[in-house]
Each structure stands twice: as C-alpha cells, then as structure tokens.
Amino acid sequence: MNYKKINIILEEIHSTDLNQFTYKDTTLILIHHLLPTHTDFFNFLGTLFQKIRFIPIPYSLNFDARKELDTSLSNIHIEVPESVTDITRVFENTIKQEIITEKKKVAIIEVGGYSVQTLIRYKKEFKSKVKCVIEDTENGHRLHEKALNEGKMWWRFYSVARSQLKLPEDTLTGDAVLYSLEKIIRASLNVLIAKNVLVLGFGKIGKGICQSLKNRKNIVYVYDSNPIKLIEAYSSGYQIRTKKELLQTSDIIIGATGTQSLTKNDFTDLKDGVILCSASSKKIEFDIDFLEKIKYTKEDILPNLKMYTLKNNNQIFLVNEGAPVNFIDMGIIGSVLQLVWIEIIYCLYESSVEKKSKIIIHELDAAKQISIAKRWLSHYSLTEDYTF
C-alpha cells in the first residue's frame, strides 16, 4: 500500500480536511517499531509535521526500513537507543532539545509509555509546549493511566490501545507469536505440537495466543493474576491450576501480561528444559537480570535461542533474549494495521482542532471507529454492505 492511499481512506471516512491540521509547525517525537510494514504510515506522518524525531525500539529495528525512511523523508531524524532501558534517556534529551533549545512545540506518538516519567519531571518546562501524546499499547496506556490516577498527568492524552479497531491486530499477534516461535522450535529439531504450553496473561493478545495454540493441538494452560480473567479462561475451555503447579509442568511458557510475569521467585519452580517466550510489547515479561545472576553457563543454541544451565543442572531456553518473539519476523503484517494508523491520525486531527481539553484519557468515539471500519471494508471490497 502506498502511503497516499492512507489519505484517500481517511478523506473517505469523514469530511476531515487535513489542511486544517494545526501541527504543521510542530515536531513529532515518534517512539515506535521501525519495520518495513510501517513505513507507509511514517511517510504519511512526514507530510503532516515540520520535523520527525524518530526513536526506534531497538529490538524491532529493521535496517532496510531505516534506509528507506532516510531516503524518502528529508525531515526525519533517527536516533537509535543502545537498549530498551536507554529509550527514556534518548527521549528526554530529544524533547529537551526541541522544546528548550529550539523553542519548538511537540506532539508524541509512542508504543510503551516511555514518555511518562520525563513529562512528569519537566511539567513546568513542557506544559505549554506539548500538544498531545498518543499511545498505541496496553502497557503504555496503563502507565499514562497511573499518572492520571496519581494526579500527575498534565498533558492531553489519547489512547488507541483499547480501541475496537485494534482487536484485529491483537488477534493476529497471537498467530504471529506462534509463527516465529514455531520456526525456532523447528530449527532446533522439535515441533510445536502436543506440548504443555502456559500462557501468562489472558488479555487481548493472550486470548489470541491461546486460540492459535489450540489450533495447533497443544495442551493450553492459562494463568492470570486477575481471578475474573482466570474464570474467563476456564470457561473458554483452557486448563487452569496454581501458578506453581503450572510452572513445574509446562514445556513452554509465553508471557503476555505487559508486566513482569516471571519473577525471581518463580525460577526455582521451572521445569527442566522449559522454553521462555515473550509476546509483550517490551522486554519485560521475564526477570532476565536475575536469570543472568543464577546461571552457571549460557550458550547460543540458535541465533534467537539461548540455553541457560543453572547450578542444579536444569536448563532454561530463552527466545529472542526475552524480547517479543514476533518481531523476529516483522511483528504482524497485513492491511489491518491501517485501521490503527488511521485512528491515530484521526486522534492527531482532533487534538489539533480542539482548543480546550480535560485531563482525561481521550479515545475516539465508537461512531468514528465504526466509520473507519466501514470505509476500510469498502476500500478493500471485502463486502458489498458498506458501499457509499
């Protein structure tokens, strides 16, 4: 898809006139996955803003996509953090340079809530200069929500993390996770069939993973710290037990909580030979620092598979160094990604024309989400019910 088609779909949805977009003199700070699947979106954003300061997530940085953007966008500046933990430092330096040094206003689009602590810390310096913050992930949504609940949020905040338009992407993430995991398991001369697989977290992505595992004839177990989610998993036909029992018997553990689902207190309960795989939006699911401390040896088995041998001779296999496994193969692919892109653009437009805003979590209203879905269906000729 050419990025210009995003504009076509957007203009079909509503009488939105992007000439009224008031952020054209604004710098966009973008904290995102830099993948070939997303370059259309980034190129479109480049037509809306004076400058883009791009901070890629290190574990999802594709060098071909970076080269493409360097060629196609003259107003983009890319700075790659050394690690995930370095993103906050790079963001802080970037926003201070734009606001304090260059006297620019900024808008922020991010995946993961990396901006929160810096925005809290520099309220006085930034308050009149940050136009909006738009978050794409559940984990990031929670971090901004925590700032709101603690009375620390002062910025205009939009979230697409819980949008109905994101559900197709979340569902496909389950298949993407297992596609990448299965490739690694097959490369190690094994198969992802009839294994005891534990999914930690029964949220939107966790549900998609469970369904994909079920389709592959695995024995699917679920643990969630929320008892209501656990009951939902049980009523959906998945096995539940105590966390300790599940850790002791699972061949594969997939973390999908968006928080640290496997702590230092859990490692002694792990089954010998267990495979740990993350499906989260950050390198956060497993306490890798503790695993490094308790290991006896560490060995590269495959390019994306490490074997840790513990002092009791038990072995733990870690996929993709604890980063989300699906980003080995570009996350997810397909035109459904456009649904969230267009929603983000809509949020940008609404935040730019709305002069006053309460300090709340703004979300695109249901009628506009439905309008986007109808036009998307019509554009791809998937149904005749939504022609206009």
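The shown structure was predicted, so the numbers you read here are calculated from the model rather than taken from an experiment. Side chains are part of it too, since the values below use all heavy atoms of this structure and drop only hydrogens, waters and symmetry mates.
Residues Val160 and Leu339 share a single hydrophobic cluster, defined by chaining ILVMFWY side chains whose heavy atoms lie under 4.5 Å apart. The same ILVMFWY cluster, assembled from side-chain heavy atoms under 4.5 Å apart, contains both Phe157 and Ile108. A continuous path of hydrophobic side-chain contacts links Tyr221 to Ile316 [ILVMFWY only; heavy atoms under 4.5 Å]. The cluster map of Ile, Leu, Val, Met, Phe, Trp and Tyr, joined by side-chain heavy atoms under 4.5 Å apart, puts Ile205 and Leu200 in different clusters. The cluster map of Ile, Leu, Val, Met, Phe, Trp and Tyr, joined by side-chain heavy atoms under 4.5 Å apart, puts Leu30 and Phe44 in the same cluster.
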Apply the test side-chain hydrogen bond (donor to acceptor under 3.5 Å, both in side chains) to residues Gln97 and Asn93: give CA-CA distance (whole Å), side-chain angles for both, the deciding distance (0.1 Å), then the verdict. CA-CA 6 Å; Gln97 181 180 354; Asn93 290 343; over 6 Å; no

List the steps, then state whether side chain to side chain contact (heavy atoms under 4.5 Å, CB included) holds for Ser163 with Val340. CA-CA 8 Å; Ser163 166; Val340 176; over 6 Å; no

Would you please test Ser335 and Gln338 for side-chain hydrogen bond (donor to acceptor under 3.5 Å, both in side chains) and show each step? CA-CA 6 Å; Ser335 55; Gln338 299 158 12; 5.0 Å; no

May I have the step-by-step check of side chain to side chain contact (heavy atoms under 4.5 Å, CB included) for Cys210 and Val222, ending in yes or no? CA-CA 8 Å; Cys210 287; Val222 173; 3.6 Å; yes

Please step through side chain to side chain contact (heavy atoms under 4.5 Å, CB included) for the pair Val336 and Thr171, ending with a clear verdict. CA-CA 11 Å; Val336 296; Thr171 300; over 6 Å; no

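The closest side-chain heavy-atom distance from Phe126 to Trp154 is below 4.5 Å. Between Glu232 and Lys207 there is a side-chain heavy-atom pair separated by less than 4.5 Å. In this structure, the side chains of Ile252 and Leu213 stay at 4.5 Å or more apart for every pair of heavy atoms. Within the 4.5 Å cutoff, no side-chain heavy atoms of Cys277 are placed close to those of Pro324. Taking the side chain as every heavy atom from C-beta outward, Glu68 and Asn43 approach each other to under 4.5 Å. Under the 4.5 Å side-chain criterion, counting only non-hydrogen atoms from C-beta, Phe42 is not in contact with Ile52. Using a 4.5 Å heavy-atom cutoff, the side chains of Phe91 and Glu110 are not in contact. In this structure the side chain of Leu34 reaches within 4.5 angstrom of the side chain of Leu69, judged on heavy atoms.
Applying the side chain to side chain contact (heavy atoms under 4.5 Å, CB included) rule to Asp266 yields the partners Lys243, Leu247, Leu262, Thr263; only residues at least two apart in sequence or on another chain are considered. Shown here are the side chain to side chain contact (heavy atoms under 4.5 Å, CB included) partners of Arg162, two or more places apart in sequence or in another chain: Glu138, His141, Arg142, Glu145, Lys204, Glu363. With sequence neighbours excluded, the residues forming a side chain to side chain contact (heavy atoms under 4.5 Å, CB included) with Arg216 are Asp175, Leu178, Glu182, Leu192, Ser212, Asn218, listed by chain and number. Qualifying side chain to side chain contact (heavy atoms under 4.5 Å, CB included) partners for Ser280, counting only residues two or more places apart in sequence or in other chains: Ser278, Ile284, Glu285.
Remark: side-chain polar atoms of Thr137 are paired, donor with acceptor, to backbone N or O of Gly112 under 3.5 angstrom. A donor-acceptor pair is defined here as one N or O able to donate and one able to accept, closer than 3.5 Å; such a pair exists between the side chain of Ser352 and the backbone of Tyr349. In this structure, the side chain of Lys295 engages the main chain of Glu292 through a donor-acceptor pair within 3.5 Å. At least one donor-acceptor pair under 3.5 Å links the side chain of Asp251 to the backbone N or O of Asn196. The backbone N or O of Leu246 sits less than 3.5 Å from a side-chain atom of Ser250, completing a donor-acceptor pair. A donor-acceptor contact shorter than 3.5 Å is absent between the side chain of Lys217 and the backbone of Lys214. Remark: the backbone N or O of Ala367 is not paired with any side-chain donor or acceptor of Ser371 at under 3.5 angstrom. With hydrogens and angles disregarded, no donor-acceptor distance shorter than 3.5 Å links the side chain of Ser236 to the backbone of Tyr238.
Residue Glu79 holds its CD atom at 8.0 Å from CG of Asp86, rounded to the nearest 0.5 Å. Put simply, NZ on Lys306 and CZ on Phe317 are 13.0 Å apart, with the number rounded to the nearest 0.5 Å. Between atom CG of residue Asn320 and atom CG of residue Asn304 there is a gap of 5.0 Å, rounded to the nearest 0.5 Å. Atoms CG and NZ, from Leu165 and Lys368 in turn, are 13.0 Å apart once rounded to the nearest 0.5 Å. For the atom pair OG1 (Thr297) and CD (Gln315), the distance works out to 7.5 Å, reported to the nearest 0.5 Å. Between atom CD1 of residue Ile99 and atom CD of residue Glu102 there is a gap of 11.0 Å, rounded to the nearest 0.5 Å.
Asp329 and Ser180 share a side-chain donor-acceptor pair at under 3.5 Å. With no hydrogens or angles considered, a side-chain donor-acceptor pair links Glu92 and Tyr122 at under 3.5 Å. If you check the side chains of Asn190 and Lys195, you find a donor sitting under 3.5 Å from an acceptor.
A salt bridge is defined here as a Lys NZ or Arg NE, NH1 or NH2 lying under 4.0 Å from an Asp or Glu carboxylate O, and Glu82 with Arg89 fails to meet this definition. At a threshold of 4.0 Å, the pair Asp136-Lys166 counts as salt-bridged, since one of the basic side-chain nitrogens sits closer than that to a carboxylate oxygen. Of the charged side-chain nitrogens involved, at least one lies within less than 4.0 Å of a carboxylate oxygen, so that Lys152 and Glu150 count as a salt-bridged pair. For the pair Asp287 and Lys264, the salt-bridge criterion is not met [side-chain N within less than 4.0 Å of a carboxylate O]. The pair Arg66-Asp70 meets the salt-bridge criterion, with a side-chain N (NZ, NE, NH1 or NH2) lying under 4.0 Å from an Asp/Glu carboxylate O. With salt bridges taken as basic N to acidic carboxylate O contacts below 4.0 Å, none links Lys105 and Asp25.
Closest heavy-atom contact between Ile359 and Leu148: O-CD1, 3.4 Å. When all heavy atoms of Ala279 and Ala256 are compared, the pair lying nearest together is CB-CB, 4.3 Å. Nearest heavy-atom pair across Pro58 and Ile87 is CD-CD1, 3.9 Å. Nearest heavy-atom pair across Trp155 and His144 is NE1-ND1, 3.1 Å. Residue Pro56 comes nearest to Ile78 through the heavy atom pair CG-CG2, 3.7 Å, listed as atom of the first residue, atom of the second, then distance. Heavy-atom minimum distance, Val130 versus Val133: CG1-CG2, 4.1 Å.
Its side chain outside the 4.5 Å cluster rule for every partner, Ile231 clusters with none of the Ile, Leu, Val, Met, Phe, Trp and Tyr residues. Counting side-chain heavy-atom gaps under 4.5 Å among Ile, Leu, Val, Met, Phe, Trp and Tyr, Ile228 is found in no cluster with other residues.
In this pair, Phe41 and His32 present their aromatic rings perpendicular. The plane angle is above 60°, beyond the 30 to 60° band. Ring geometry for Phe49 versus Tyr23: interplanar angle of 30 to 60°, hence tilted.
The environment of Tyr179 atom OH is sparse: at most 12 non-hydrogen atoms of other residues, nucleotides or ligands sit within 6.0 angstrom.
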